[in-house]
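Heads up: the structure comes next, in structure tokens.
Keep in mind that what you see is a predicted model, and the values were worked out from it rather than measured. When a ligand or atom number is given, it counts from 1 through the structure's own listing order.
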Amino acid sequence: MVGEPEGELAPMSHSYTKGLHELGDGVWAYIQPDGSWCLSNAGLIVGDGTSLLVDTLMDLKLTREMLDSMKSITATRPIDTLVNTHANGDHCYGNELVPDRAEIYATVAAAEEMTEVPPARLLGMREAEDPELREFAQYCFGAFAIEEVNGRPPDRTFTDSLELEVGGRKVSVADLGPAHTHSDSIVYLADARTVFTGDLVFVKGTPIAWVGPIGNWLAACDRICALDVDTVVPGHGPITDKDGVRDVHAYFSHVYAEAKLRQEAGVDSLEAAFDIDLGPFAEWGDSERIVVTVDTIYGELDPSHATGEPTELFRQMGRYMKKAAPQPR
Ligand SMILES: [Zn+2]
């Protein structure tokens, strides 16, 4: 086959297919292409007689499918620990399906935020009377059975960082937020030179800064790049390495600088979002998320800026997506 490398593939080469991908001794990523809205990744870390799950998925069907795919591993090494990296539903709505015996960990801030974004809130947008909001919310959440989600809150909360022992393995959790949400944790497995970043890293998809500040996100990228890791499992998109993290850093550096120029020139935040040339990042999926990120940057630059309501931001992202879509000739 043309272009097929000869001999062994480099260890970093992971195919971008749905399901479990073994990353090394007792470490797997669960990947959901194409990584767009709510199609998130998760992880499984296995020690002696026990496992730790990193995140659940957007609904019960997807989470059940993931847990079933892990059964040959978890039958003898059950999931006793779950870490939710952050509060977005695509990382915790499946929590109720982990075994009752499992203890769920999240930061204090993430646990609080989970109570603020229950499935009912997304369902409300999906069924909104406003056609623009309803259409975009359907696009984002329509494929998921969120009406079936009851939710299960964390059992244990922490702040800043947490050291866990999983059947003889050391697993380090660190909150590098607020950035994407009010709290964004990474899960670092030093012995496998692997980090699960949650939504601090998107690959081939546009990241979205719901909370910021952007400086925290840039610092988070630097912290991840300073880790002794070869493998980076992003919250969305294909498995990557530090280059994927550097791309996220480059995106936010670019968008922040461009937004700041416009803010200083008195341009409205929405107009700025539509006006910024994304350059090479325009090829990433879900470019409409710039609407939220620019609004967050404006709030950061001027505390008196009235940050948009989530419903309004969703409506505007829908407009941006239509604008960004190739026009029929
Ligand atoms: Zn996500």
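For D90 atom OD2 and H236 atom NE2, the angle they make at the Zn ion (ligand 1) is roughly 80°, to 10 degrees.
In summary, the aromatic rings of F202 and W37 are positioned with their centroids too far apart to meet the 6.0 Å limit. Ring centroids of F136 and Y139 are separated by less than 6.0 Å, placing the two rings close together. Outside the 6.0 Å centre-distance limit, the rings of F158 and Y105 are not counted as a close aromatic pair.
Here the N, O or S atom of D199 that is nearest to the Zn ion (ligand 1) is OD2.
Of the N and O atoms on the side chains of T81 and E103, not one donor lies less than 3.5 Å from an acceptor on the other residue.
For a distance bound of 2.8 Å, the N, O or S atoms of H86 include none lying that close to the Zn ion (ligand 1). Residue H91 counts as close to the Zn ion (ligand 1), with an N, O or S atom under 2.8 Å.
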